[in-house]
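To keep things clear, I will list the structure first and then write my remarks on it.
Keep in mind that what you see is a predicted model, and the values were worked out from it rather than measured.
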Amino acid sequence: MKRLTGKTKEATLIEMSNTLDSQIEGNNGSINSISDRGTQLPGHREIDKLGQNRDSVYFRDGVRRIDFVLSYVDDKDGDKKAERRREFEANLEKAGLELETEDKSESDDRKTYYLKIHAPWEVLATYADVLKIKVPFKASDIPKAREVPLEWLTHPFRLPDNIMRPEPDYFTAPFDKSKVDFFLIDDKDTFFPPSTRNRIVYYILTRCPYYKEDRKEKDKTGINRLLNNGTYTSAYPLHDCKYWKKAQDMQCESERYHLYRYWARFLCFYKEQPLNLIKKYYGEKIGIYFAWLGFYTEMLFFAAVMGVICFVYGVLSYEDNITSKEICDPQIGGGIVMCPLCDKKCSYWKLNSTCLSSWQSHLFDNEGTVFFAIFMGIWVTLFLEFWKRRQARLEYEWDLVDFEEEQQQLQIRPEYELKCTGRRLNRITQEMEPYLPFPSKCARFCLSGATVLFWTCLIVACIMGVIAYRLAVYAAFASVMKDSPTSKIQLVGSLITPQLATSVTASCINFVIILILNFLYEHVAIWITDMEIPKTHLEYENKLTMKMFMFQFVNYYSSCFYVAFFKGKFVGYPGNYTYMFGKWSKLRNEECAPGGCLIELTTQLLIVMAGKQMVGNVQEALLPLLRNWWGSRKGRSHPESAYSRWEQDHDLQNFSQFGLFYEYLEMVIQFGFITLFVASFPLAPLLALFNNILEVRVDAWKFTTQFRRPVAAKARNIGAWEEILNVVAILSVVTNAFIMAFTSDMIPRLVYLYAYHPGSEATMRGYITNSLSFYNISQIPESNLPEAGENPSWFNSSTITTCSYRDYRYPPGHEKQYTHNMQFWHILAAKLAFIIIMEHVVFVVKFFVAWLIPDVPTEVKARIKRERFLVQEYLHNYEVEKLKMQLSQSFCLSTETASLLPSSPSKHQVLSECI
């Protein structure tokens, strides 16, 4: 077999045309010229053009299947484009493809031509050999798995067997054109499924030139370039029927109808997904995505249950929260005067004004949160390990075990071949192949890295701007609400505080900035990746994936990182406050509420995560619904005989090469939210679960009703996303440990409970007073004092001489006044010890679980070995039988030849001597 890597694809197509010219010419004009596509093949039944049902996936003869459709219109630049089309279509015919044109007069808009393409058996067999497509050679003899006990409980969630297993189970081997009788070929027309047929045709289309034979212009190659310059307006394979009813032609599979009925409707949300049917219809790459999304959603159920239990524990322990009771107590919290939270505009305030926020903090910042953070560290490991096992099983069932090594590197991107004019010898194949010189590769890499760094810095600058907004606007909110929360804001009453108002508005602004930067960077990332000229499709996808995720990571998570690890950590104390850009900026760093910054992190996470999911669902569901309503009116108002199958699909949205990429990116960003910061919001997995249940059906609905049928593509795993998930999983252990130690108020409370509480009984009484330090008001600099008239009416400077602030420092009058006391260092040591212990415990469990659970199930390993053994055995037996047959035929032929020769004693004597 000839490999395509060693020679240009134009040469391969020319070789194919030479082998097929004799067959094409021998059909006595059956494959006609471009100007006469409508002529029927000899021996095929004639169909009345007016009475033909145009909602069909076949040529006019009703026999040859339409494997691909190209559309185009006449325009001002018609002569150049028409010349390109003539050359391109002529080369397609030389490559063995059969073409048929639908005139614009027969189209709905009276402007569009449709070129239908059919790949005959010879072309399919040749390229199946080239691409090493696996096909069945023997029915599987491995018994099916036994029914497990209580399996009847899962029957409500099951789909019919013909939907879950649309094809019998076979042993497969790479197709070999020279061994056609080795494979189970009942009908050559249906041996290759439509997904394989359109994949082969697209492979030819992307490598077919459109220049004349006497002019070798390397850049004039492939359907993608013709689509970009407007020569053709679209290129797509056909759906097999309408999604709302079966095809009338009994030869048509109606798989799209079955997918819509059993998979794409939202009422099927509790049913399993027909993954084998998805793979058969859309290809393995899309099938792997839905398998991963379904498995991720299943695993989210367990995380959501534990998150709800943790939240319920916080609700049930509401009345036992002594800390909040002390804050809300008029005698305790109402008697503690707090120092101003900003300069000039902020006044003194009483601790009990934060009563509501302290109760809210307890819902998420309690003893159950520590357990939940440890649980999520183990959950993420189980999710990744069990997914590897599920993925290994799918690799075997979908014949993808050896795909990476044999096929992925073979499929060089056409853009790489066109832009890389240099050639060098491949040491493995000993053939000349295109390559990118090292200086050019380095220059492109440096430019790419500089661009990514620039956009990352731009995001950081935007986040710094949002932080500056928080610092500046807090004073404004505090000034409005200085007397009482209800004085000027009657609608929300006591539910809003300056801290909450600042946090919510800043989070909303940050979310809008995220959306804007996402829109801009998507185009930049694609441009950078194109500039790098990756060699293979796999390399292209991996590079684009890494660039987009790096950007999205900084864009979505930076604000959460600020609230979790920076806010309230570098504040200073009265008389020596820390400012964001120095004292000249007058932007004093934010302080956390007495209950800690965890509730603000919860607010930030909730707004960004829920906002992203809402915007995504509106984009994916609501807008296509409007388009679907209009398309359905148009489609159902046409009689089937007039509204052709290729026009119906032409009116659908094109599924771009990045369509699946964005679906993965959306889910991986969500995965980061529910793992990196889940300690601050245990209900995050529950929100993700509800979103994903909807996401599966919305994506299924889009694929079956809104998009043209994508070209089938193979993939054995989720690619670079798997490595990204592993990195996020490891990072999540570290972030949650730091959140529990430095953002939550859990460690200071435990230190007080076991080391600093007064009396012999371990109790939290007195914790609030213990966690606050005092400062002499007379020592506060003038620049930090409230302006005249800003202080509340209850403040009397003659009776109130000190104010409190959140820190562990010696009081005024002490020899070490305003420096950190021993309790501060004890708490810091406890925090560091907690981080080390939690990380080591979770990591030990993670690595132990990863070691304990094999990536490939034992059963799958046995099946793979069994199949490889059978392939070798059957091929050996096949070659032996074929050799015996050849020797037998050769012997019979020599015997017949000898019988026709005149007898000669000398010859018989010589023959006997030789024997």
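Residue Glu89 comes nearest to Leu99 through the heavy atom pair O-CD1, 3.6 Å, listed as atom of the first residue, atom of the second, then distance. Residues Met164 and Pro274 approach most closely at SD-CA, 3.8 Å, considering heavy atoms. A pairwise comparison of heavy atoms in Glu647 and Glu106 identifies OE1-O, 4.0 Å as the closest pair. Counting all heavy atoms, side chain and backbone alike, Ser56 lies closest to Leu238 at O-CD1, 4.5 Å. Taking every heavy atom of both residues into account, Pro209 and Asn91 meet most closely at O-ND2, 2.7 Å. Taking both residues in full, the closest heavy atoms of Arg199 and Ala712 are given as CG-O, 3.5 Å, listed atom of the first, atom of the second, then distance.
Residue pairs that meet the side chain to side chain donor-acceptor pair (under 3.5 Å) test with at least one member in residues 258-271, sequence neighbours left out, are Trp263-Gln273. The salt bridge (Lys or Arg N to Asp or Glu O under 4.0 Å) contacts involving residues 281-291 comprise Glu284-Lys714, Lys285-Glu541, where partners must be two or more places apart or lie in separate chains.
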Applying ring pair (Phe, Tyr, Trp, His ring centres under 6.0 Å), run through Phe269 and Phe266 and close with a yes or a no. CA-CA 5 Å; Phe269 72 92; Phe266 182 74; 5.5 Å; yes
Ile117/Val69 under side-chain contact (heavy atoms from CB on, under 4.5 Å): CA gap, chis, key distance, verdict: CA-CA 6 Å; Ile117 302 175; Val69 173; over 6 Å; no
side-chain contact (heavy atoms from CB on, under 4.5 Å) between Glu867 and Tyr396, intermediate numbers included: CA-CA 10 Å; Glu867 183 164 319; Tyr396 167 73; 3.5 Å; yes
Take Tyr540 and Asp530, measure what side-chain contact (heavy atoms from CB on, under 4.5 Å) needs, and give me the verdict at the end. CA-CA 8 Å; Tyr540 183 91; Asp530 288 337; 2.7 Å; yes
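When atom types are taken as modelled, the side chain of His118 and the backbone of Glu98 share no donor-acceptor pair closer than 3.5 angstrom. In this structure a side-chain-to-backbone donor-acceptor pair under 3.5 Å is missing from Gln648 to Lys242. Remark: the backbone N or O of Asn224 is paired with a side-chain donor or acceptor of Asn228 at under 3.5 angstrom. Side chain of Arg64 to backbone of Asp61: no donor-acceptor contact under 3.5 angstrom is found.
Remark: Tyr236 engages no residue in a ring-ring contact (aromatic ring centres under 6.0 Å, His included) (not counting sequence neighbours). Tyr170 is linked by a side chain to side chain donor-acceptor pair (under 3.5 Å) to nothing, counting only residues two or more places apart in sequence or in another chain. A search for ring-ring contact (aromatic ring centres under 6.0 Å, His included) contacts involving Phe703 returns Tyr282, Phe290, Phe655, Phe707, not counting sequence neighbours. Take Ser254 and apply the side chain to side chain donor-acceptor pair (under 3.5 Å) test, not counting sequence neighbours, and it matches no residue. Taking the ring-ring contact (aromatic ring centres under 6.0 Å, His included) definition, one finds that Tyr874 meets it with Phe137, sequence neighbours left out. Partners of His239 by side chain to side chain donor-acceptor pair (under 3.5 Å), not counting sequence neighbours, listed by chain and number: Tyr281. For Trp398, there are no ring-ring contact (aromatic ring centres under 6.0 Å, His included) partners at least two apart in sequence or on another chain. Listed by chain and residue number, Lys702 satisfy the salt bridge (charged side-chain N to carboxylate O under 4.0 Å, His left out) test with Glu663 (two or more places apart in sequence, or in another chain). Residues passing the side chain to side chain donor-acceptor pair (under 3.5 Å) test with Glu272 are Arg158, sequence neighbours excluded.
The side-chain heavy atoms of Tyr232 and Lys81, taken from C-beta on, include no pair separated by under 4.5 Å. For the pair Lys104/Lys111, no side-chain contact is recorded, criterion being any heavy-atom separation below 4.5 Å from C-beta on. The closest side-chain heavy-atom distance from Leu226 to Asn229 is below 4.5 Å. No side-chain heavy atom of Cys241 sits less than 4.5 Å from a side-chain heavy atom of Lys246. Contact annotation: the side chain of Val135 never approaches that of Thr172 to less than 4.5 Å [non-hydrogen atoms, C-beta and beyond]. Using a 4.5 Å cut-off on side-chain heavy atoms (C-beta onward), Tyr113 and Val73 make no contact. Side-chain contact between Tyr58 and Ile66 is absent, with no heavy atoms from C-beta onward closer than 4.5 Å. By the 4.5 Å heavy-atom criterion applied to side chains, Glu397 and Arg863 are not counted as neighbours.
Checking Lys177 against Thr126 by side-chain atom types alone, a donor-acceptor pair falls below 3.5 Å. A donor and an acceptor atom, one from each side chain of Asp103 and Tyr114, are nowhere located under 3.5 Å apart. Between Thr231 and Arg84, the side chains place a donor N or O and an acceptor N or O closer than 3.5 Å (distance only, hydrogens not considered).
Ring centroid separation for the pair Tyr664 and Tyr289 comes in under the 6.0 Å cut-off.
The OG1 atom of Thr112 sits 12.0 Å away from the CD atom of Glu102 when rounded to the nearest 0.5 Å. Here Tyr643 contributes atom OH and Asp55 contributes atom CG; the two are 10.0 Å apart, rounded to the nearest 0.5 Å. The distance from the CG atom of Asn198 to the CZ atom of Phe68 is 6.5 Å, given to the nearest 0.5 Å. If you take CG on Asp67 and CG on Leu97, they are separated by 8.5 Å, rounding to the nearest 0.5 Å. Going from atom CD1 of Ile288 over to atom CD1 of Ile718 covers 8.5 Å, rounded to the nearest 0.5 Å. One distance of note links OH of Tyr72 with CG of Leu70; it measures 9.5 Å at 0.5 Å rounding.
Under a 4.0 Å N-O distance rule, the pair Arg709/Asp649 does not qualify as a salt bridge. The existence of a salt bridge linking Asp240 and Arg256 is excluded, since no basic side-chain nitrogen approaches an acidic carboxylate oxygen closer than 4.0 Å. Ion pairing of Lys80 with Glu83 is absent here, as no side-chain N (NZ or NE/NH1/NH2) approaches a carboxylate O to less than 4.0 Å.
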Identify all side-chain donor-acceptor contacts of residues 183-195 below 3.5 Å with residues at least two apart in sequence or on another chain.
from, atom 1, to, atom 2, distance (Å)
Asp187, OD1, Asp189, N, 3.0
Ser195, OG, Lys280, O, 3.0

